[in-house]
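Working notes, structure below.
Just so you know, these numbers come straight off a predicted model, no measurement behind them. Throughout, protein chains are lettered first and strands after them, A, B, ... in sequence-line order, and every chain is numbered starting at 1.
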Number of protein chains: 2
Amino acid sequence: MADHGYVVSRYIFATSNINLPNFFKKSRWPKVWSKSANWIGYVAVSNDEISKRLGRRDIVVAWRGTVTRLEWIADLMDFLKPISSNKIPCPDSTVKVESGFLDLYTDKDVNCRFCKFSAREQILTEVKRLLEIYQLEELSLTITGHSLGSALAILSAYDIVETGLNVLQDSRAVPVSVFSFSRPRVGNVRFKERMEVLGVKVLRVVNVHDIVPKSPGLFFNENVPLLLMKMAERLPWSYSHVGVELSLDHKNSPFLKETGDLSCAHNLEALLHLLDGYHGQGHRFVLASGRDPALVNKATDFLKDHYLVPPYWRQYENKGMVRNEDGRWMQPERPKLDDQPEDTHRYLKQLGLASHH
Amino acid sequence: MADHGYVVSRYIFATSNINLPNFFKKSRWPKVWSKSANWIGYVAVSNDEISKRLGRRDIVVAWRGTVTRLEWIADLMDFLKPISSNKIPCPDSTVKVESGFLDLYTDKDVNCRFCKFSAREQILTEVKRLLEIYQLEELSLTITGHSLGSALAILSAYDIVETGLNVLQDSRAVPVSVFSFSRPRVGNVRFKERMEVLGVKVLRVVNVHDIVPKSPGLFFNENVPLLLMKMAERLPWSYSHVGVELSLDHKNSPFLKETGDLSCAHNLEALLHLLDGYHGQGHRFVLASGRDPALVNKATDFLKDHYLVPPYWRQYENKGMVRNEDGRWMQPERPKLDDQPEDTHRYLKQLGLASHH
């Protein structure tokens with residue numbers, strides 16, 4: 001991030017003890033990493049140089065996606081529930097979102113160092129803290145994410161605006177924008193309408209061949225028609241996308257193979273490559289920024305073979321095994337992460353979220 | 001090698017243009033590595049310190065095996081041919097070896113920089129050169145190899161002694177020993193008898209669960225019984241192992257999983273681990289040298305899970321991709337290897353092998 005003029009101010013963790021078994025890969029090695037916590041994003045702030053260039057101090061919330069696996073899509077219970085049922089304020093109980101995303105955003109595990117606060121509490125308190133620090137400056141909030149992370153981007157953008165967190169003491173409202181990539185559907189039509197009322201700007205970048213933005217609904221639909229039918233009896237069937245769509249097609253890139261591999265069509269690096277070559281509907285594909293096409297093959301086999309970039313090349317040397325002084329091969333100790341910042345409680349109180357601590 | 005007191009004096013290459021499609025993985029990238037040559041071993045010499053400790057200057061010929069794949073076994077045509085048919089001197093035309101090993105040892109490709117001399121020519125000339133340099137010292141020749149490489153170890157040991165290469169100008173015969181690991185059968189009973197007449201000392205270390213030492217024959221047998229029967233009509237069926245067997249059993253190691261995976265039973269690191277814990281038939285398995293058991297999992301999933309060593313951990317970071325000055329990801333240039341040493345011709349002449357150059 002430092003290369004790009006941003007400084008990470010806090011990493012966000014979520015509990016993996018939720019009813020979504022394929023969302024996270026659980027650590028096999030409790031010594032190396034917690035079994036119940038997963039890194040799920042970070043908050044960062046633009047440095048002075050970039051802020052000057054942008055004309056404002058930009059606070060970024062970035063939510064990670066899953067890298068290549070698509071199994072988590074099958075975990076979506078295709079079950080909408082009122083956003084207010086997980087204690088996120090909402091004036092309208094017909095505003096509903098997919099329950100798995102909502103749980104991931106709000107659940108916590110008091111016995112876990114990294115997720116004793118929910119992802120929601122972690123980002124709300126961090127954004128609050130940063131807005132206080134920079135309150136005298138021109139400010140913006142940019143929220144981004146890929147795949148699963150883009151669903152969390154939408155939820156957190158909603159939350160920040162609905163709770164009024166983005167309104168400063170002098171009553172200025174900090175503008176909130178979402179750049180989402182390969183996003184599944186998150187909520188119902190009411191949720192979409194509420195986002196529009198709140199004035200959150202949303203861009204939704206997708207590859208037209210990606211199946212994830214057609215989920216929930218399509219995917220579930222195809223796999224368990226019987227169960228779907230049973231649920232359809234009880235539930236309104238009303239998922240709706242939020243925001244302006246920018247749809248790209250990997251068949252327009254001369255760099256990429258013809259492939260039916262769904263994880264290629266869903267891949268973030270490939271999508272960023274398509275964005276780099278896109279100059280409007282019907283225009284020729286020309287790489288604009290010099291973004292390296294080799295990045296596409298980091299976690300796919302999507303680049304044409306004659307570019308001579310190995311497929312799935314992203315990996316740690318010896319899977320992170322290193323030799324210690326005795327010449328023995330072992331997993332190194334992970335650098336210790338700080339516990340939750342000590343001032344989290346103070347900000348939770350300010351936000352009216354501290355009752356149960 | 002330098003860590004262990006040996007200095008590599010020459011790398012050996014073989015042509016992959018032989019009738020054994022699974023012996024080598026062909027390079028996809030001709031710029032990075034030759035399509036027709038493969039590194040197949042090296043010659044090394046003990047340094048002064050180690051030579052003093054050993055009481056002699058030790059010349060080592062080490063032949064590489066295939067890393068994990070076992071497909072090459074299916075390439076063995078199970079076809080014995082007289083060793084003399086590939087112009088290796090032999091007083092008896094009934095001495096026969098497996099034709100694939102023989103071809104790999106003697107074939108060359110005049111259009112290829114690295115394999116315009118055969119593996120045979122490369123090692124004979126190098127051994128000749130080293131024996132000349134150290135002729136006034138006490139000397140020994142140690143030849144080793146794993147799997148496919150151990151077949152070449154046997155062939156080259158035979159060749160060196162049969163041609164009298166190990167006899168110095170003062171008529172001293174340098175002793176030749178072979179340490180072979182996971183070796184398939186190489187030749188017929190006559191070949192075995194000839195090796196004994198020549199006085200080559202051979203130790204054959206095997207895991208009893210490994211199928212490779214039971215090949216050729218068993219493997220072929222199981223897969224293509226019809227063809228086997230046709231060939232059995234024409235050919236004497238007389239493969240025979242050479243040397244003293246030291247047979248180990250991976251079920252005796254408390255470090256290893258119960259597994260039926262054939263590539264585990266054939267793995268060199270696992271075999272060295274078994275050797276380290278072996279203290280004689282019926283004795284308890286105790287690691288003797290402190291050899292790191294983590295090495296077993298370099299290219300297998302053989303260590304019990306509670307040792308927390310990731311399976312298949314040996315790999316280059318990012319598959320060898322590196323960022324150049326422009327920030328682009330690419331395969332680095334390989335360090336240039338020297339062409340064949342200029343004095344190869346001179347030694348070939350001395351060995352009477354230079355006629356066709």
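The salt bridge (charged side-chain N to carboxylate O under 4.0 Å, His left out) test applied to B:Arg53 returns B:Glu49, not counting sequence neighbours.
In terms of non-hydrogen atom pairs under 4.5 Å with chain B, the most contact-rich of A:Asn297, A:Asn318, A:Leu295 is A:Asn318.
The distance from the CD atom of A:Gln331 to the CH2 atom of B:Trp313 is 10.5 Å, given to the nearest 0.5 Å. In this structure, A:Gln315 CD and B:Tyr316 OH are separated by 11.5 Å, a value rounded to the nearest 0.5 Å. With values rounded to the nearest 0.5 angstrom, A:Lys319 atom NZ is found 14.5 Å from B:Glu317 atom CD.
The neighbour count for A:Phe179 CZ, taken as heavy atoms of other residues, nucleotides or ligands under 6.0 Å away, does not exceed 12. Open room surrounds NZ on A:Lys52; 12 or fewer heavy atoms of other groups in view lie less than 6.0 Å from it.
Along residues 283-292 of chain B, the residues that come nearer than 4.5 angstrom to chain A, judged on non-hydrogen atoms, are B:Gly290, B:Arg291, B:Asp292 in order of number.
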